Number of protein chains: 2
Amino acid sequence: MLDRSCIEAIDPLLEILDGKWTLPLLLELFVGTRRFGELRRRLHPISPKTLTDRLRVLEEKGIITRTLYPGVPLHVEYELTERGWKLQPIFAAMWAWVQEDDLNANKKNQL
Amino acid sequence: MLDRSCIEAIDPLLEILDGKWTLPLLLELFVGTRRFGELRRRLHPISPKTLTDRLRVLEEKGIITRTLYPGVPLHVEYELTERGWKLQPIFAAMWAWVQEDDLNANKKNQL
DNA sequence: CGGCATCCCTTAGGATACTG
DNA sequence: CAGTATCCTAAGGGATGCCG
């Protein structure tokens, strides 16, 4: 199933997921559409520069969309694309690992 | 399924997966037990320092084991622990994403 | 063979102030 | 509100040489 041929092929994905805040950011967007300030608060203490950088990269790679609603004050929404949503199983697998890992850790503590 | 509560919890996993070479390195170990020089060749152009650093971190976190076979020349083998093997579904999910993503890319190119 | 030790450098990311 | 513009630093990682 997994073999050496995967390694090169998986590289574009690693580029998408790269960056300290990318995974937490994506987790936020799996919950739902988010505004810039909302993301900033929830991902605290991320800096606005970093948040912008990551959002731009993900947009460029077709993982999220940026929608501007004109008016004052400004209103911008970030949302996963279809391609972005398909990343969810990866996070689900991560989450599953963490849960089982915690379970085992607790078992050991109870000995 | 996935919600905000996952975000903190998933952090230890992100620490494990952190680093430019960690995922390619783990992919190598999913294929099988590997020696230092073997990893170095297959992960070329990784530097020996970086490889050592990553191996030490993964060892410390209980993801891999390091086995020294005394003798000249030295012989060292790195192998996934049980905990490490359980990461495989995450990589499988990544691999699945990449495959479907490529499929879609090809479809579009054929239009 | 399987590493350390060293030195160097790039760059992701932080802090802060300002703007359309 | 949603960013940009600057400046700065910490550290991950590269290159190289030596050693048990």
Side-chain angles (χ1 to χ4, degrees), chain A residues 7 11-29 31-61 63-80, chain B residues 7-8 10-29 31-61 63-80:
Chain A
I7 297 179
D11 201 68
L13 175 58
L14 299 189
E15 262 179 52
I16 291 170
L17 300 181
D18 187 47
K20 177 177 174 184
W21 290 100
T22 305
L23 274 68
L25 171 53
L26 287 173
L27 277 170
E28 280 299 336
L29 293 173
V31 180
T33 299
R34 293 273 183 246
R35 300 181 57 171
F36 187 87
E38 228 176 335
L39 289 169
R40 195 174 168 184
R41 273 195 309 281
R42 291 174 181 276
L43 297 178
H44 182 269
I46 193 174
S47 70
K49 171 180 169 298
T50 303
L51 180 52
T52 306
D53 288 352
R54 281 303 120 193
L55 288 168
R56 293 292 170 275
V57 170
L58 291 175
E59 196 186 349
E60 187 184 329
K61 294 190 185 293
I63 303 301
I64 64 175
T65 57
R66 176 181 183 272
T67 310
L68 170 65
Y69 298 90
V72 178
L74 274 174
H75 185 121
V76 174
E77 291 201 334
Y78 292 94
E79 190 171 9
L80 289 165
Chain B
I7 298 178
E8 292 178 34
I10 221 173
D11 201 67
L13 174 59
L14 299 190
E15 261 179 53
I16 291 170
L17 301 182
D18 188 44
K20 176 176 174 183
W21 290 99
T22 305
L23 274 68
L25 171 54
L26 288 173
L27 277 171
E28 280 299 336
L29 293 172
V31 179
T33 299
R34 292 274 183 245
R35 300 180 58 172
F36 186 86
E38 228 175 335
L39 288 170
R40 195 174 167 183
R41 273 194 310 280
R42 291 173 181 275
L43 297 178
H44 183 270
I46 193 173
S47 71
K49 173 181 169 295
T50 303
L51 180 54
T52 306
D53 288 352
R54 282 303 119 194
L55 288 168
R56 292 295 168 274
V57 169
L58 290 176
E59 196 186 349
E60 188 184 330
K61 294 192 185 293
I63 304 301
I64 64 176
T65 58
R66 174 181 185 273
T67 309
L68 170 66
Y69 298 90
V72 178
L74 274 174
H75 183 121
V76 174
E77 291 202 333
Y78 293 95
E79 190 171 8
L80 289 165

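Proteins come first, then strands; the chains are lettered A, B, ... in the order of their sequence lines, and each starts at number 1. These numbers come from a predicted model, not from an experiment.
Dashed line: the shortest gap from a side-chain N or O of A:Arg35 to OP1 or OP2 of D:dC1 is not under 4.0 Å.
Judged as a side chain to side chain donor-acceptor pair (under 3.5 Å), the pairs with a partner in residues 64-73 of chain B (not counting sequence neighbours) are, in order, B:Arg66-B:Tyr78.
For the helix from C:dC1-D:dG20 to C:dG20-D:dC1, the end axes, each set by the C1' atoms of five terminal pairs, are bent relative to each other by 60° (nearest 10°).
First and last contacting nucleotides of DNA chain C toward chain A (any atom under 4.0 angstrom from a heavy atom, 5' to 3' order): C:dG13 to C:dG20.
Here A:Thr50 contributes atom OG1 and A:Leu43 contributes atom CG; the two are 10.5 Å apart, rounded to the nearest 0.5 Å. Here the CD atom belonging to A:Glu79 is positioned 14.0 Å from the CZ atom belonging to A:Arg35, to the nearest 0.5 angstrom.
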Contact letters for nucleotides 5-20 of chain D, in which S counts primed atoms plus P, OP1 and OP2 and B counts the base, heavy atoms under 4.0 Å = -B------BBBB---B
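When rounded to the nearest whole Å, the span between CD of A:Glu38 and P of D:dC1 equals 11 Å. If you measure from atom CG of A:Leu39 to atom P of D:dC1, you get 14 Å, rounded to the nearest angstrom. Rounded to whole Å, the distance from CZ on A:Arg34 to P on D:dG3 is 16 Å. When the C1' atom of D:dA2 is taken as reference, atom OH of A:Tyr78 falls 7 Å away, rounded to whole Å.
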Extract all donor-acceptor atom pairs below 3.5 Å that involve side chains of residues 14-24 of chain B and protein atoms in other chains or at least two apart in sequence.
residue: B:Glu15; atom: OE1; partner: B:Lys61; partner atom: NZ; Å: 3.4
residue: B:Thr22; atom: OG1; partner: B:Asp18; partner atom: O; Å: 2.5

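Looking at A:Ile63 and A:Val57, their side chains never come closer than 4.5 Å, going by heavy atoms from C-beta outward. B:Ile46 has its side chain out of reach of B:Leu39: every pair of non-hydrogen atoms, C-beta onward, lies at least 4.5 Å apart. Considering only heavy atoms from C-beta on, A:Leu55 comes within 4.5 Å of A:Phe36 through its side chain.
Across all strands, A:Tyr69 comes closer than 4.0 Å to no nucleic acid atom at all (heavy-atom distances).
Under the rule for a side chain to side chain donor-acceptor pair (under 3.5 Å), the partners of A:Arg34 that lie at least two apart in sequence or sit in another chain are A:Glu28, A:Glu38. Legend: residues meeting side chain to side chain donor-acceptor pair (under 3.5 Å) with B:Glu59, ordered by chain and number and at least two apart, are absent. Partners of B:Glu77 under the side chain to side chain donor-acceptor pair (under 3.5 Å) rule, at least two apart in sequence or in another chain, are B:His75. Remark: A:Asp11 engages no residue in a side chain to side chain donor-acceptor pair (under 3.5 Å) (not counting sequence neighbours).
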